[in-house]
Colleague: 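Structure incoming, see below.
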2 protein chains.
Amino acid sequence: MKIGELAQQSGLTPSRIRFYEQIGLLKAVGRRPNGYRTYPPQAVMILGLIITAQRAGFTLDEIRTLLPSDLTHWDHAALMDALTRKIADIEALQVRLTQSRAHLLRLIEDIQARPDDMDCAANAHRVLTNMLAENPEALDVTSGDIRLLDTKDRRQSLSPSRRKKTAPR
Amino acid sequence: MKIGELAQQSGLTPSRIRFYEQIGLLKAVGRRPNGYRTYPPQAVMILGLIITAQRAGFTLDEIRTLLPSDLTHWDHAALMDALTRKIADIEALQVRLTQSRAHLLRLIEDIQARPDDMDCAANAHRVLTNMLAENPEALDVTSGDIRLLDTKDRRQSLSPSRRKKTAPR
DNA sequence: CCTAACCTTGAAGCTAACTTCAAGGTCAAG
DNA sequence: CTTGACCTTGAAGTTAGCTTCAAGGTTAGG
């Protein structure tokens with residue numbers, strides 16, 4: 001099977017498949033005499049596995065270290081460990097999300113709870129003060145990490161609490 | 001207040017503060033005769049607001065469009081709308097996470113449920129097949145987006161379902 | 001034999017949110 | 001008057017996961 005066909009069957013683009021090969025996720029691809037890549041039917045499964053793992057929140061790096069060259073010989077221990085840790089990561093993220101959601105809901109309520117005798121400016125200040133008071137500022141949560149945030153096509157990131165001493169060296 | 005002091009009080013680095021100014025998040029910073037930036041005490045609050053919003057899942061872009069130049073004059077409607085939509089985004093992500101978590105748990109169980117008479121290789125194949133069957137492949141979830149994933153210092157992303165016709169043009 | 005659809009490569013571009021670097025000005029203390 | 005901490009700028013680097021581009025080889029059909 002040539003790369004175009006594999007692309008169709010797996011739902012990926014040829015460029016993406018080549019990229020995966022480039023970073024060592026797909027190794028030992030066969031070549032025809034003319035230089036064209038050629039894949040065994042099994043490749044569809046490997047790609048399916050990769051995108052499933054991605055959706056579950058694994059980075060390509062993690063996937064690479066877990067993927068055995070031979071699909072029938074997994075490192076059972078490492079795999080279980082990774083799965084378990086990923087679940088923990090997800091749970092940590094869920095906690096964070098629940099907090100964020102609650103925080104936003106409280107904020108909305110607070111905004112709407114403007115005392116009748118208070119003008120918008122004063123209310124804005126009140127809300128802001130409340131909000132910042134709620135946020136211990138520079139709290140450095142330091143928990144696990146996870147990447148899991150697309151749904152459709154997004155790229156994102158987030159990274160507060162990375163601080164460098166502005167202090168004396 | 002000079003930038004170093006503001007950095008200390010807000011917990012951000014000077015470079016990050018300059019960066020925020022550069023992208024138009026912090027406007028009209030004062031300058032001393034020597035060229036040094038100078039900030040009003042209020043700036044600490046503005047930065048606190050920005051990092052709080054970031055933690056809640058807003059991008060700097062979103063924050064910029066919502067942040068009024070005058071902290072007492074918010075676009076109430078736009079703000080409420082953004083908050084509400086962000087909550088919806090969070091909820092969508094929570095759903096996704098719950099599914100991912102369940103998926104991983106099922107996977108773990110499935111791996112451990114190896115029939116006594118089956119060897120590892122065959123079991124691997126069985127699990128793989130089950131997993132891929134569960135995944136309708138190329139499902140293109142297409143929901144809202146959100147960025148909310150740091151806790152400590154990470155960058156991440158995820159983006160399946162971006163597909164280009166490999167087909168005839 | 002031509003053409004369109006395929007394949008090849010390496011390098012560069014994209015996004016978000018910053019940091020780091022290079023090269024240089026300013027200022028208070030000793 | 002020198003040192004070191006601080007400030008300035010613009011440009012380039014970082015990360016992840018790809019895509020896009022340029023420049024060219026291959027192949028099947030008509």
Side-chain angles (χ1 to χ4, degrees), chain A residues 1-8 12-26 29-39 50-51 53-55 57-64 145-150 153-169, chain B residues 1-8 12-26 29-39 50-51 53-55 57-64 145-150 153-169:
Chain A
M1 157 164 51
K2 290 190 292 181
I3 199 170
E5 198 185 337
L6 177 59
Q8 281 217 324
L12 280 71
T13 57
S15 70
R16 192 166 164 187
I17 296 174
R18 285 191 212 101
F19 172 70
Y20 284 167
E21 180 186 342
Q22 197 179 305
I23 63 171
L25 209 48
L26 258 48
V29 182
R31 294 289 187 150
R32 297 201 183 158
N34 61 11
Y36 286 16
R37 287 173 180 79
T38 183
Y39 301 88
I50 290 174
I51 70 181
Q54 265 191 302
R55 271 204 283 264
F58 288 89
T59 64
L60 296 184
D61 237 46
E62 292 172 316
I63 298 173
R64 177 176 41 214
D145 83 293
I146 190 182
R147 28 168 271 114
L148 232 212
L149 280 238
D150 64 310
D153 183 341
R154 277 317 195 117
R155 263 101 216 265
Q156 43 264 100
S157 78
L158 197 103
S159 60
S161 60
R162 165 184 328 200
R163 214 141 299 129
K164 187 153 285 175
K165 294 292 166 303
T166 306
R169 50 171 182 182
Chain B
M1 165 163 45
K2 289 191 292 183
I3 199 171
E5 198 186 335
L6 177 60
Q8 281 216 326
L12 281 72
T13 57
S15 70
R16 191 164 164 189
I17 296 175
R18 283 190 213 103
F19 171 70
Y20 283 168
E21 179 186 343
Q22 198 179 302
I23 64 171
L25 209 50
L26 257 50
V29 183
R31 293 291 185 149
R32 297 200 183 158
N34 61 10
Y36 286 16
R37 288 174 181 78
T38 183
Y39 301 88
I50 291 175
I51 71 181
Q54 265 191 302
R55 272 204 282 263
F58 288 88
T59 65
L60 296 184
D61 236 46
E62 292 172 317
I63 298 174
R64 177 175 42 215
D145 83 293
I146 190 182
R147 27 168 270 116
L148 231 211
L149 278 239
D150 64 311
D153 184 341
R154 278 316 194 115
R155 261 103 216 263
Q156 43 268 100
S157 78
L158 197 104
S159 60
S161 60
R162 166 183 329 200
R163 213 140 300 129
K164 186 154 286 172
K165 292 291 164 303
T166 308
R169 51 174 179 180

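Lettering follows sequence order; numbering is per chain, from 1.
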Colleague: Taking only residues two or more places apart in sequence or in another chain, which ones pass side chain to side chain donor-acceptor pair (under 3.5 Å) with Arg64(B)?
Modeller: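 For Arg64(B) the side chain to side chain donor-acceptor pair (under 3.5 Å) partners, ignoring immediate neighbours, are Asp61(B).
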Colleague: Taking the side chain of Leu60(B) as heavy atoms from C-beta outward, which of dT19(D), dG17(D), dC18(C) is closest to it?
Modeller: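 Looking only at side-chain atoms, Leu60(B) lies closest to dC18(C).
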Colleague: Taking atom P of dC18(C) as reference, at what distance in whole Å does atom CD of Glu21(B) sit?
Modeller: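 Roughly 15 Å, once rounded to whole Å.
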Colleague: Which nucleotide in the list dT8(C), dT19(D), dC7(D) gets nearest to the side chain of Ser15(A)?
Modeller: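 The closest nucleotide is dT19(D).
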Colleague: From dT8(D), dG17(D), dA17(C), pick the nucleotide closest to the side chain of Ile3(B)?
Modeller: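 That would be dT8(D).
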Colleague: Checking contacts here: which listed nucleotide (dC18(D), dT8(C), dC18(C)) is nearest the side-chain heavy atoms of Arg37(A)?
Modeller: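 Selected nucleotide (nearest to the side chain): dT8(C).
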Colleague: Residues in side chain to side chain donor-acceptor pair (under 3.5 Å) with Tyr20(A), at least two apart?
Modeller: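 Per chain and number, Tyr20(A) pairs via side chain to side chain donor-acceptor pair (under 3.5 Å) with Arg16(A), Gln54(A).
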Colleague: For nucleotides 28-30 of chain D, tabulate all protein N/O to nucleotide N/O atom pairs closer than 3.5 Å, reporting atom names and distance.
Modeller:
none

Colleague: Got a sec, which residues hit side-chain contact (heavy atoms from CB on, under 4.5 Å) with Ser15(A), two or more places apart in sequence or on another chain?
Modeller: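 Only Thr13(A), Arg18(A) meet the side-chain contact (heavy atoms from CB on, under 4.5 Å) criterion with Ser15(A).
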Colleague: Would you mind telling me which of dT8(C), dT8(D), dA17(C) lies closest to the side-chain atoms of Arg31(A)?
Modeller: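 Looking only at side-chain atoms, Arg31(A) lies closest to dT8(C).
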Colleague: Let me know the distance between CD1 of Ile17(A) and P of dT9(C), rounded to the nearest Å.
Modeller: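 From Ile17(A) CD1 to dT9(C) P: 13 Å.
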Colleague: Among dT19(D), dC18(C), dG17(D), which is the nearest nucleotide to the side chain of Gln54(B)?
Modeller: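 From the listed options, dC18(C) comes nearest.
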Colleague: The helix from dC1(C)-dG30(D) to dG30(C)-dC1(D): angle between its terminal axes, five pairs each, to 10°?
Modeller: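 One end axis against the other gives 20°.
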Colleague: Would you list the protein and nucleotides 23-25 of chain D atom pairs, both N or O, that sit under 3.5 Å from each other?
Modeller:
residue : atom : partner  : partner atom : Å
dG25(D) : N2   : Tyr36(A) : OH           : 2.7

Colleague: Whole angstroms only, please: what is the CZ-P distance between Arg32(B) and dC7(D)?
Modeller: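 One finds 9 Å between P of dC7(D) and CZ of Arg32(B), rounded.
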